**Student:** 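Got a structure here, written out as structure tokens. Questions coming.
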2 protein chains.
Amino acid sequence: MMGNIPCDKTDTRKALLEAAEQLFAQHGFEAVSVRHLATAAGANLSMVSYYFGSKEGLFEELIASRFPYARGVLESLAADTTLTAWEKMSQTIDLYVDKFFGGRSFHRVIMREMSLQQRPALVKIITDLMGKNMLLIRGFIVEGQEKGQFNQVDADFTIVMLLGAIAAYINNSTMVGKMLNETDDAQIFSDANKARFKCELKNMFHAHLVRVSAER
Amino acid sequence: MMGNIPCDKTDTRKALLEAAEQLFAQHGFEAVSVRHLATAAGANLSMVSYYFGSKEGLFEELIASRFPYARGVLESLAADTTLTAWEKMSQTIDLYVDKFFGGRSFHRVIMREMSLQQRPALVKIITDLMGKNMLLIRGFIVEGQEKGQFNQVDADFTIVMLLGAIAAYINNSTMVGKMLNETDDAQIFSDANKARFKCELKNMFHAHLVRVSAER
DNA sequence: CAATAAATCAAACGTTTGTTTGATTTATAT
DNA sequence: ATATAAATCAAACAAACGTTTGATTTATTG
């Protein structure tokens with residue numbers, strides 16, 4: 001009756017995951033201590049080992065649970081028969097730019113971990129999840145090529161270039177900011193810049209993929 | 001007279017930098033302890049603080065001393081009046097792919113540090129060095145546009161996309177390997193794949209940059 | 001209510017970390 | 001040769017790390 005909603009039922013676990021999401025994103029996995037983590041979650045220090053076995057176990061569960069956002073959208077794009085292959089690619093670009101811009105701190109954590117290759121369990125989780133998404137995108141390119149709308153580009157490398165170009169904006173935001181003469185995060189990731197970046201990406205991949213005489 | 005060439009003159013310092021280059025590239029900055037470092041360099045533990053003030057000081061000097069490779073090539077490209085703007089861009093792609101493929105471990109370290117943004121001194125060193133290179137590349141794009149050979153693309157974003165696409169191959173080599181059905185590093189970074197990747201990059205950026213009626 | 005299990009806690013564990021100390025050796029210069 | 005500085009060393013430092021312990025509280029169940 002104190003205005004205390006009895007929402008509990010062991011939300012310590014959830015609190016730890018939420019604190020970890022924020023802190024890992026901000027400082028990186030190594031830099032965040034278990035003590036720091038527990039304090040931020042309002043939990044006891046030993047609760048990390050208690051619930052997740054180890055700090056690394058918590059990390060793995062965090063990645064696995066927060067990752068698979070894009071899948072559903074890509075699958076519905078794949079199933080859609082009313083869209084052209086390029087329209088699917090265009091929407092994929094929108095999807096990933098939105099996704100990366102929105103959760104940029106967390107994506108930085110994931111990409112650092114991929115680059116480090118120090119935690120094999122994590123690398124496997126990420127490659128499996130991301131691999132399926134890439135197969136779906138691959139399908140769009142192959143579809144366009146089979147219908148004669150796309151050039152015979154290398155689908156695999158094209159996907160690497162696409163996702164890499166987007167990731168670069170996130171990972172090197174300091175560099176991007178320097179080039180655009182914008183210093184703080186909010187400016188660099190403003191809606192205006194997001195729109196410009198999407199536009200530039202679409203222009204380039206349209207020129208790369210779509211046969212000159214086929215469309216538009 | 002023991003066959004011992006008196007090459008010394010304090011090469012302990014140099015040995016530490018060389019050991020650090022190899023170990024940081026392989027395991028990342030955080031994962032390499034000062035003890036590990038000193039042992040690998042055949043030096044005493046305290047020599048790191050003695051010569052560089054701290055482990056971080058060693059890191060900063062390492063980055064600064066190993067970084068500025070591309071500058072000279074880009075400057076000579078900029079000064080060359082016999083090349084077209086696209087030829088300069090094409091050679092820039094060759095340069096960066098070679099550079100990134102060759103020193104991929106070390107570049108991973110640099111890019112992780114950029115992404116982390118935890119050591120301001122290092123971020124400044126890197127952005128300053130890389131920023132000048134990007135200005136030179138920017139010059140190639142602007143030159144092409146002024147001569148009517150290039151489309152009116154956004155030069156800044158184009159550079160981000162270019163370097164990002166190349167960096168992605170390095171940072172996500174596990175993912176690339178999965179897509180190409182190649183498991184080990186030597187395969188993924190083989191000359192054949194390097195050539196394919198360069199080709200794909202040039203195709204895409206040629207389509208993006210070069211006006212359809214202007215050149216080839 | 002009693003008994004059992006789950007969750008939380010303060011405290012300590014044993015390592016490992018980067019750095020400092022002070023003695024000792026090696027080199028340089030007077 | 002002697003004095004001064006530079007370089008190296010083993011040892012110790014304090015702090016921080018992730019994890020474990022065992023008691024204690026809270027919740028669940030028969």
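Below, chain A is the first sequence line, B the second, and so on; all start at residue 1. On a predicted model such as this, the values are computed, not experimentally measured, just so you know.
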**Student:** Pull out every residue in residues 19-38 of chain A that has a heavy atom closer than 4.0 Å to any atom of DNA chain D, ordered by number, or say none.
**Tutor:**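 Residues of residues 19-38 of chain A under 4.0 Å from DNA chain D: A/Val32, A/Ser33, A/Val34, A/Arg35.
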**Student:** Apply side-chain contact (heavy atoms from CB on, under 4.5 Å) to A/Lys202 and list each qualifying residue two or more places apart in sequence or on a separate chain.
**Tutor:**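 For A/Lys202, the residues satisfying side-chain contact (heavy atoms from CB on, under 4.5 Å) (neighbours in sequence not counted) are A/Trp86, A/Ser90, A/Ile93, A/Asp94.
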**Student:** Near DNA chain D, which residues from residues 117-125 of chain A have a heavy atom under 4.0 Å away?
**Tutor:**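 DNA chain D contact set from residues 117-125 of chain A: none.
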**Student:** Pairs in or reaching into residues 116-143 of chain B: which pass ring-ring contact (aromatic ring centres under 6.0 Å, His included), with residues at least two apart or in two chains?
**Tutor:**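 Found none.
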**Student:** My understanding is that only residues two or more places apart in sequence, or in another chain, count here; which of them pass side-chain hydrogen bond (donor to acceptor under 3.5 Å, both in side chains) with B/Glu182?
**Tutor:**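 Residues passing side-chain hydrogen bond (donor to acceptor under 3.5 Å, both in side chains) with B/Glu182: B/Asn193.
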**Student:** Could you pull out all residues at least two apart from A/Asp185 that satisfy salt bridge (charged side-chain N to carboxylate O under 4.0 Å, His left out)?
**Tutor:**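 Partners of A/Asp185 under the salt bridge (charged side-chain N to carboxylate O under 4.0 Å, His left out) test: A/Arg104.
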**Student:** Can a donor-acceptor pair be found between the side chains of A/Gln117 and B/Thr174 at a distance below 3.5 Å?
**Tutor:**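 The answer is yes; a qualifying pair exists.
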**Student:** First locate atom CE of A/Met111, then atom CG of A/Asn171, and finally report the distance between them rounded to the nearest 0.5 Å.
**Tutor:**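 With rounding to 0.5 Å, CE (A/Met111) is 4.0 Å from CG (A/Asn171).
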**Student:** Output the rounded distance in Å from CG (A/Leu58) to C1' (D/dT19).
**Tutor:**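 About 14 Å, once rounded to whole Å.
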**Student:** Quick one: which residue pairs count as a salt bridge (charged side-chain N to carboxylate O under 4.0 Å, His left out) with a foot in residues 41-55 of chain A, not counting sequence neighbours?
**Tutor:**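 Residue pairs passing salt bridge (charged side-chain N to carboxylate O under 4.0 Å, His left out), neighbours aside: none found.
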**Student:** For nucleotides 20-26 of chain D, just jot down a letter per nucleotide in 5' to 3' order: B, S or -, based on protein non-hydrogen atoms under 4.0 Å.
**Tutor:** BB-----
**Student:** Between P on C/dT20 and CE on B/Met47, what's the gap in Å once rounded to a whole number?
**Tutor:**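 B/Met47 atom CE is separated from C/dT20 atom P by 13 Å.
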**Student:** Taking all atoms of both residues into account, what is the closest heavy-atom pair of A/Ala70 and A/Tyr96, and its distance?
**Tutor:**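 Shortest heavy-atom separation between A/Ala70 and A/Tyr96 comes out as CB-OH, 4.1 Å.
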**Student:** Quick one: B/Phe59 CZ to C/dG18 C1', roughly how many Å, whole number?
**Tutor:**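 Between C1' of C/dG18 and CZ of B/Phe59: 16 Å.
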**Student:** Which pairs with one or both residues in residues 120-130 of chain B pass salt bridge (charged side-chain N to carboxylate O under 4.0 Å, His left out), sequence neighbours excluded?
**Tutor:**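 As it turns out, the salt bridge (charged side-chain N to carboxylate O under 4.0 Å, His left out) pairs with a partner in residues 120-130 of chain B, which skip direct neighbours, are A/Lys178-B/Asp128, B/Lys124-B/Asp128.
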**Student:** Pairing donors with acceptors under 3.5 angstrom, does anything connect the side chains of B/Glu18 and B/Gln22?
**Tutor:**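 No donor-acceptor contact under 3.5 Å links the two side chains.
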**Student:** Fill in the dot-bracket string of DNA chain C, one character per base: . for unpaired, | for a pair to another strand, ( ) or [ ] for pairs within the strand, taking Watson-Crick or G-U pairs under 3.5 Å.
**Tutor:** |||||||||||||||||||||||||||.|.
**Student:** I would like to know whether A/Tyr169 and A/Phe101 meet ring-ring contact (aromatic ring centres under 6.0 Å, His included); could you show each step before the answer?
**Tutor:** CA-CA 9 Å; A/Tyr169 199 105; A/Phe101 269 52; 4.9 Å; yes
**Student:** With sequence neighbours excluded, give me every salt bridge (charged side-chain N to carboxylate O under 4.0 Å, His left out) pair touching residues 25-54 of chain A.
**Tutor:**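 Those involving residues 25-54 of chain A are A/Glu30-A/Arg119.
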**Student:** By the salt bridge (charged side-chain N to carboxylate O under 4.0 Å, His left out) test, which pairs, at least two apart or in different chains, include something from residues 153-169 of chain A?
**Tutor:**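 Pairs touching residues 153-169 of chain A that pass the test: A/Arg138-A/Asp156, A/Asp154-B/Arg196.
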**Student:** Grab the CZ-P distance between A/Phe52 and C/dT8 for me, whole Å please.
**Tutor:**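 Between P of C/dT8 and CZ of A/Phe52: 11 Å.
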